[in-house]
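Here, residue 1 is the first one in the sequence, and each next residue gets the next number.
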Amino acid sequence: MHPRCLIIFIKEGSQIKLIFPEREVEVKDVSEAKKELKKGRALSLRVNGELKDLASIGEFISEASVEVITFDSKEGKEVYRHSTSHIMAHAVKELFPQAKLAIGPATDDGFYYDFDIDRPLSSEDLETIEKKMQEIIKKNNPFLRKTMSKAEAIEFFKERGEDYKVELLEEIEDDTVSIYEEGGFVDLCRGPHLPSTGMVSAFKLLNVSGAYWRGDEKRKMLQRIYGTAFTDKKDLKKYLEFLEEVKKRDHRRLGKELDLFSMNDEIGTGLILWHPNGALIRKIIEDFWRDEHLKADYQILFTPHIAKLNLWEKSGHWDFYRENMYSPMEIEGIPYEIKPMNCPFHIAVYKSSLRSYRELPIRYAELGTVYRYERSGTLHGLLRVRGFTQDDAHIFLREDQIEDEVQKVLDFTLFMLKTFGFESYDIFLSTRPEKYVGTEENWQRATAALELALKNKALPYDVDPEGGVFYGPKIDIKVKDSLGRPWQCSTIQVDFNIPERFDITYRGADGKEHRPIMIHRALMGSLERFFGVLIEHYAGAFPLWLAPVQVSVLTIAERHSDYALQTVNQLKEHGIRAIANLDNEKVGYKIREATIRKIPYLVIIGDREVEEKRITVRKRTGENIGPFTVEEFIGILKEQIQLRR
């Protein structure tokens, strides 16, 4: 329980006892209890695990134990921001009476609401909506919950022309539903909500964008207004400053400015073109990845991009993953499918020879490009694409080797993440989903093996119920970037099921055939997504070992060109990625240009440098270091590169 949450005990009769973290209060009736709860910043209640409106406190009698939800908790933020979303919808309906309401949930950092409006909304419209929201907040309208039958609700919203609400209602299985009303505005909602609109003290509408209804590009494009809300204006200001920093680090903007990658509508959405600078960084990452895998006794594979459809039927992907796969193509009358995963190919390599228990574990690794159907509304730069390269690996092993191997994979994963500058992360153990293959016994054994490995490594983790993939439980590792944002990258999955589907075996010490276990794992997730995270983590200012250009040699005048070119050649001979800027421009301009390109080191060549056969070095941060001989500078660079800094 969060330390700022409260516990309420309502005793027999009228006596009510409120237990706060720092004090206890006894009150005579519900109205006094509500006043005390307001002092304690209560937003809603949790009764027997179910969230309720604060106004419903009077419904609980006879020693009911109730947890009070404040903004400090995840649920409190959701209640607060979802209520603000309703206030925004109220404001939009007053300003645009013909607007139709879709959905308006809270998010991790704020809220949004989708509207069907007959004209595009502008930033000026958002300002107008904010002013109207302030008016509604000032009125301090109570949020009133009402229940009605599903049929009544459908008729109610039909009369108001709210087609999207009617569609949602028709899919609800319950016979009764709840609606919330404040100040004459009515919306379909499970709740809970704040006691009144006046409790919202700090909010901001951020932007408006297009969003397909139900995320389906075949449905109508709606307008989605994003916003955020806090209980303290200082916290709101801090968050808005954070958003400004996020904008500066947006990998799509930096990708264009630094000439790293692009996308082209003629080629297709969600497909990435790696430009020379980005491709060079990718090569560095791939070379490091392969070298470290060879050191860790992995064998490198390359596999095709397509395979017969029946392979994916056998693996279970066609039944459990079809919505993320593309339509099959026909080759000589046989249906083929572009691959969404690499695992069936690695299994085929394993089955190409008879295997002995002495060989296990066998570790296959591949930077394999896969293709998955993502709805156009979900695509986002490098972070959500349709074609991407997984840093994939599959380990075939005996059941008695699972614990040790998972610990090795965890060590390998954390080493890889740390090398790229990620020191902080969250770990989740994801358990059996609703739809799965295999036996419950195998799922329990696989989950227990993952959990034991985490405990043996003393790694803190949370359980993600039903978060596993259809063939097995998994460990997910979310790295935190320099702004503290979590990113899903690494995953480790134990699989008892696919080996059975493909009937793979090994010859045991007893001379009999046994079934191996498979571990699916990815350390970075995908190169595209990982690169996008790297760009934002470093704000495009990559560490020296990753920077596409490590040194830019700048001349003050044309007469310094020969020494500048000589310096560049010396750097290149030692594997340093260096360029020369000999343009007839002022050196200040050249420095600004190189700084914008985020080149780690700038070498300035003038009369003194030529005369003394030395160089003046400037970091991209503006710090001047040196002077050095070229040989001394090369030594400094090589040491940093070797340490991957």
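- Around atom CZ of Arg645, no more than 12 heavy atoms belonging to other residues, nucleotides or ligands sit under 6.0 Å away.
- Atom CD of Glu612 has more than 12 neighbouring heavy atoms from other residues, nucleotides or ligands inside a 6.0 Å radius.
- A search for ring pair (Phe, Tyr, Trp, His ring centres under 6.0 Å) contacts involving His560 returns nothing, not counting sequence neighbours.
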Pairs of donor and acceptor atoms involving the side chains of residues 536-546, under 3.5 Å and at least two apart or interchain, shall be tabulated with distances.
unit_1: Glu536; atom_1: OE1; unit_2: Arg485; atom_2: NH1; d: 3.0
unit_1: Glu536; atom_1: OE1; unit_2: Arg485; atom_2: NH2; d: 2.9
unit_1: Glu536; atom_1: OE2; unit_2: His251; atom_2: N; d: 3.0
unit_1: Glu536; atom_1: OE2; unit_2: His251; atom_2: ND1; d: 2.9
unit_1: His537; atom_1: ND1; unit_2: Ser482; atom_2: N; d: 2.9
unit_1: His537; atom_1: NE2; unit_2: Gly421; atom_2: O; d: 3.1
unit_1: Tyr538; atom_1: OH; unit_2: Phe420; atom_2: O; d: 2.7
unit_1: Trp545; atom_1: NE1; unit_2: Arg644; atom_2: O; d: 3.4

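- Of the options Phe203, Tyr239, Tyr80, a ring-ring contact (aromatic ring centres under 6.0 Å, His included) to Phe230 is made by Tyr239 and by none of the others.
- Counting non-hydrogen atoms of other residues, nucleotides and ligands closer than 6.0 Å to NZ of Lys204 gives a total of 12 or fewer.
- Other residues, nucleotides and ligands place more than 12 heavy atoms under 6.0 Å from the CG atom of Asp411.
- The number of heavy-atom neighbours closer than 6.0 Å to CD of Glu323, taken from other residues, nucleotides and ligands shown, is 12 or below.
- The one candidate from Tyr113, Phe111, Tyr112 that meets the ring-ring contact (aromatic ring centres under 6.0 Å, His included) condition with Tyr226 is Tyr112.
- The aromatic rings of Phe412 and Phe415 sit parallel, their planes meeting at an angle under 30°, below the 60° perpendicular limit.
- Between the Arg386 side chain and the Glu374 main chain, a donor and an acceptor come within less than 3.5 Å of each other.
- Looking at His394, His293, His346 one by one, the single match for ring-ring contact (aromatic ring centres under 6.0 Å, His included) with Tyr298 turns out to be His293.
- For Asn324, there are no side-chain hydrogen bond (donor to acceptor under 3.5 Å, both in side chains) partners at least two apart in sequence or on another chain.
- Among the candidates Lys590, Glu585, Glu609, the single residue satisfying the side chain to side chain donor-acceptor pair (under 3.5 Å) test with Thr555 is Lys590.
- No cation-pi contact links Arg529 to Trp487, judged by a cut-off of 6.0 Å to the six-membered ring centre and 45° from its axis.
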